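So you know, we letter chains A, B, ... as the sequences are listed, proteins then strands, and number each from 1. Keep in mind that this is a model prediction, so the values were computed, not measured.
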There are 2 protein chains.
Amino acid sequence: MATTIRDVARLAGVSTATVSAVINDTAFVSPPLRERVLAAVRELAYTPSQAARSLKHGKSQLIALVVSDLANPFFARVVWAAEAAVAAWGYSLVVYNSDEKPENERRIMARVRELSCDGVVVVPVGPATYRTQRDFDGKALPMVLFGRSVEDKRADTVTIDNVAAGRLVTNYLIDLGHRRIGTITGPLHLTTGRGRYDGMLQAMQARGLTPAPEYVRSGEFREEVAYSVAREILERPDRPTALYIANGVMALGVMRVLADLGLECPRDISIASTDTISGIGGLQPRLTRTEHPIIEMTNEALRLLVDRIDRGNDVQPRNVVFQPTLILGESCGPVVA
Amino acid sequence: MATTIRDVARLAGVSTATVSAVINDTAFVSPPLRERVLAAVRELAYTPSQAARSLKHGKSQLIALVVSDLANPFFARVVWAAEAAVAAWGYSLVVYNSDEKPENERRIMARVRELSCDGVVVVPVGPATYRTQRDFDGKALPMVLFGRSVEDKRADTVTIDNVAAGRLVTNYLIDLGHRRIGTITGPLHLTTGRGRYDGMLQAMQARGLTPAPEYVRSGEFREEVAYSVAREILERPDRPTALYIANGVMALGVMRVLADLGLECPRDISIASTDTISGIGGLQPRLTRTEHPIIEMTNEALRLLVDRIDRGNDVQPRNVVFQPTLILGESCGPVVA
DNA sequence: CCACCAAATCTAATCGTTTAGCTGCGTTCG
DNA sequence: CGAACGCAGCTAAACGATTAGATTTGGTGG
C-alpha cells in the first residue's frame with residue numbers, strides 16, 4: 001500500500017519508467033537492470049496500484065454482472081460460470097442484484113459507470129430496459145444483455161428460445177395423451193414468461209386444443225408465488241392432468257403443494273418445467289424439464305463482451321439464441337382419468 | 001467518461017474545489033452556486049471517477065468475497081446475502097472462487113490487494129491458510145475469515161459450531177434407536193469436515209457406541225464423491241440403518257444412490273445431514289438436517305468487516321460462532337431390522 | 001472610514017502510474 | 001574521422017479527483 005513504483009525505482013537505482021517497463025514487459029530492459037528491478041519488487045512486496053493504472057488509461061480490469069434475482073439458483077450458477085470466465089481473461093467480477101427493480105438497475109448502472117467497469121453483463125429488469133439502453137447509447141459502455149431480450153436489437157444479447165421451450169414441453173405432454181393441461185408462467189412482460197407461455201399456446205393450438213383459462217396462472221418467478229397459485233389450481237375437483245411450470249424455482253413450490261395435498265406424481269398428475277435449477281436433480285421423482293446450457297450461455301456472453309471491449313463499437317450487434325433440450329425425468333406419465 | 005470535474009467547473013463557472021464540495025457535501029456552498037453546479041452536473045451527465053478518488057484517498061469502495069466453491073449452493077446463498085449487505089453500506093462486491101485451491105487463493109489475494117479493496121471476506125482454503133494469514137499481517141488488509149476456522153485466532157472469524165451440528169444429528173439418530181450409524185464426512189483437514197465428524201464421535205461415545213470403520217467415509221464436499229462412496233456403503237449386505245451426511249451437496253448425491261438402488265427412505269434407511277442447501281426443501285422426503293443461519297452469518301461477517309475498515313487495527317479480533325438448528329424432515333425413522 | 005474577521009471560493013499540490021519524447025553513448029559507414 | 005543512427009534508460013507531463021492553504025469578499029466595530 002505504502003510502497004509505490006518510486007520506492008522500487010529508488011531501491012533498484014533506476015527510473016520509474018524502467019520499473020514500469022519491467023513490470024508490464026512493455027519495452028526491452030537489459031538483463032542486469034531487469035534483475036535488480038525484480039529483486040526490488042520482491043523485497044518491497046510491491047503491488048502496482050490498479051487505481052493509478054485505471055486513472056491513467058481508463059481500464060479498470062473490472063467486469064460487472066447485474067442479475068435480476070441473485071437468490072434464484074439459475075443466476076447463482078451464472079455467477080459461478082461468469083467468475084470463471086472473467087478470471088480466465090484476467091478480469092475481476094463485480095456482482096450486483098437488481099432484484100427485479102428498475103430503480104435498483106438504474107442505481108447499479110450509475111455505480112458501474114462510476115467504477116469505470118470495462119464492461120457489463122445485464123439481465124435487464126422488465127419494462128424499464130429503455131433506461132439501460134439509454135445508458136448504453138450515451139456512454140458506449142460495452143454491454144451484453146443476458147437471458148431476456150428487449151425490443152431494441154442494437155445491443156449484444158444472449159438469450160434462450162423460450163417459445164421453443166414451451167412448445168417442447170407441451171408437445172411432450174400432449175403426446176402422452178394429456179388434454180387438460182394447465183400452466184404456471186412467469187410475468188408476461190418478460191420474454192422468459194411470455195415466450196414460454198406462447199410456446200405452450202402454439203403447441204396446443206397446433207393440435208386444436210385451447211388451455212382453459214382457469215388452469216392458467218402467472219406471477220413472479222418465486223417459490224411462494226408458485227405454491228399459492230398451484231394450490232388454487234390443484235385443489236379444484238376438476239384439476240388438470242398435467243401442469244407446465246415455467247421455471248425451476250416455481251417447480252419446487254409446486255412439488256411442495258403436491259406433497260401437502262397428498263398428490264403423487266406422476267400417478268395423480270404430470271409435472272414438467274423449464275429452466276431447471278441445479279440441485280433439483282435430487283428431487284424424487286426427477287422432473288421432466290427443458291434445460292438451458294447455462295455455462296455455454298454465460299461463456300458466450302463474456303466472449304461477446306470481451307470482444308466488444310477489445311474491438312469497440314465498430315462490431316455489429318450480435319444476438320445469440322440458445323436452444324433448450326428436453327430432459328426426461330419420471331414426473332410425467334400417460335394421462336390418467 | 002470524457003467528462004471530468006473540470007468540465008463541470010468550467011460550465012458552472014466555478015473552481016473544481018467548489019464542484020467537489022457540492023458533490024461530496026463536504027463544505028458549505030452558497031445556494032446559487034450550488035444550483036449552478038448541480039445543473040452543470042446534470043447537463044453533462046457527469047459521474048465522478050472512482051479511480052481518481054481511490055488514488056487520492058486509498059479507498060476503493062470495493063469489498064471482496066473469496067469463496068472456496070462457488071458451485072456450492074451454500075456459498076451461492078452467501079454471495080446473495082453479501083451483495084445485499086455491502087450494497088446497504090455503499091460498497092460493491094467483487095466475487096472470487098478459489099475452488100479449494102491454495103494457489104488460486106494466493107493469486108486472488110494478490111489481485112485483491114492490487115484493486116486495493118477496502119476489505120475481504122475469505123472462506124479459507126484448507127491447510128494453506130497460513131498464507132492468507134501472512135498477507136493479513138503484512139498489509140493490514142481488513143479481513144474476516146468465514147465458515148472455517150483456522151489455528152491462528154488473530155483474525156476476525158465467523159464460523160459455525162460444527163461439533164454441535166454433528167452431535168445434534170447423531171443424538172437424534174441414536175434416540176430413534178439407531179446403533180449402526182454410518183457417515184459421509186467432508187475433508188478432515190477442514191473444520192467443517194473434522195468438526196462434524198468429531199461431533200458424531202462424541203455423541204456416539206457418550207452412549208457407549210463406536211462407529212464401525214467400514215461405515216465411515218470422507219472426501220471432498222461434492223455430489224459425485226458422495227454418490228460413489230455412499231454406493232460402496234449402501235451396497236453392503238449389512239448396511240447401516242442410518243447415515244449422517246456432512247453437507248447438503250453430498251446429501252443430494254446420497255439421495256440419488258437411494259433412488260438408483262431402489263432403497264426407500266426412511267423405510268429402508270434413515271438419512272440426516274448438516275448444512276442443507278436452498279432448494280433441497282423440495283426433496284421427497286424432506287431431509288432431517290441441521291441448518292445454519294446463512295444470512296445472519298453473512299451479515300455478521302460484513303458488520304465485522306466494515307467495523308474493522310472504519311476503526312482500523314485497534315479493534316480486538318472477534319470470533320463469532322453460530323449454532324446450528326435441527327430441522328426435522330421425514331427422512332429418519334425408528335430403527336428397522 | 002479603516003482595520004480586521006469570518007465566510008465563501010479559488011489555486012495548486014498531490015495521489016501512483018504510464019508514456020511521449022529526450023539524452024547520451026556506442027556503432028557503423030561513407 | 002565524423003555524421004548519423006539506434007538503443008537503453010531517463011525526465012516530466014499527464015490522468016481526475018481531493019484538500020490544505022491562499023485569496024477574495026462583505027460586514028462590523030472602533
Show me, pair by pair, the donor-acceptor contacts under 3.5 angstrom made by side chains of residues 17-28 of chain B, not counting sequence neighbours?
residue: B:Thr18; atom: OG1; partner: B:Ser15; partner atom: OG; Å: 3.3
residue: B:Ser20; atom: OG; partner: B:Asn24; partner atom: ND2; Å: 3.3
residue: B:Asn24; atom: OD1; partner: B:Arg53; partner atom: NH2; Å: 2.9
residue: B:Asn24; atom: ND2; partner: B:Ser20; partner atom: O; Å: 3.0

Integer-rounded Å distance: [N] [atom2] and [X] [atom1]:
X	N	atom1	atom2	result
A:His57	C:dT19	NE2	C1'	10 Å
B:Arg34	C:dC10	CZ	P	14 Å
A:Glu35	D:dG9	CD	P	13 Å
B:Arg10	D:dA17	CZ	C1'	15 Å
B:Arg53	D:dT18	CZ	C1'	9 Å
A:Asp25	C:dT19	CG	P	13 Å
A:Gln50	D:dG16	CD	C1'	16 Å
A:Leu44	C:dG16	CG	P	14 Å

Judged by nearest nucleotide, the residue sitting upstream toward the 5' end of DNA chain C, B:Val14 or A:Ile5, is B:Val14
Nearest-nucleotide wise, let me know which of B:Lys56 and B:Val29 is further upstream toward the 5' end of DNA chain C.
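Between the two, 5'-proximity favours B:Val29.
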Student check: side-chain heavy atoms of A:Leu33 and A:Val14 closer than 4.5 Å:
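Side chain of A:Leu33 against side chain of A:Val14, heavy atoms only: contact under 4.5 Å found.
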Short N-O contact, [X] and [Y], less than 4.0 angstrom:
X	Y	result
B:Arg148	B:Glu100	yes
A:Glu103	A:Arg106	no
B:Asp69	B:Arg222	no

Heavy atoms only, 4.0 Å cut-off, all strands: where does A:Thr26 land among base, sugar-phosphate and nothing?
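Answer is nothing: A:Thr26 stays at 4.0 Å or more from every strand.
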For a quick check of understanding: with a heavy-atom distance under 4.0 Å over all strands, which category does B:Ser54 fall into, base, sugar-phosphate or nothing?
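If one applies the 4.0 Å heavy-atom cut-off, B:Ser54 turns out to touch nothing in the nucleic acid.
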What nucleotide, of [options], holds the atom closest to the side chain of [X]?
X	options	result
B:Ser15	C:dC10, D:dA8, D:dG16	C:dC10
B:Leu33	C:dT9, C:dT17, D:dA17	C:dT9
A:Leu55	C:dT9, C:dT17, D:dC15	D:dC15
A:Tyr46	D:dG9, D:dA17, C:dT17	C:dT17
B:Arg6	D:dA17, C:dT17, D:dG9	D:dA17
B:Ser20	D:dG16, C:dA8, D:dT18	D:dT18

Can you check whether A:Ser49 has a side-chain N or O nearer than 4.0 Å to OP1 or OP2 of C:dC15?
no
Can you tell me if the side-chain N/O atoms of B:Thr16 get under 4.0 Å from OP1 or OP2 in D:dA17?
no
State, without any angle test, whether B:Arg113 and A:Thr47 hold a side-chain donor-acceptor pair at a distance under 3.5 Å.
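Side-chain D/A pair, B:Arg113 to A:Thr47: present.
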On DNA chain D, nearest-nucleotide positions of B:Thr18 versus B:Ala51: which is more 5'?
B:Ala51
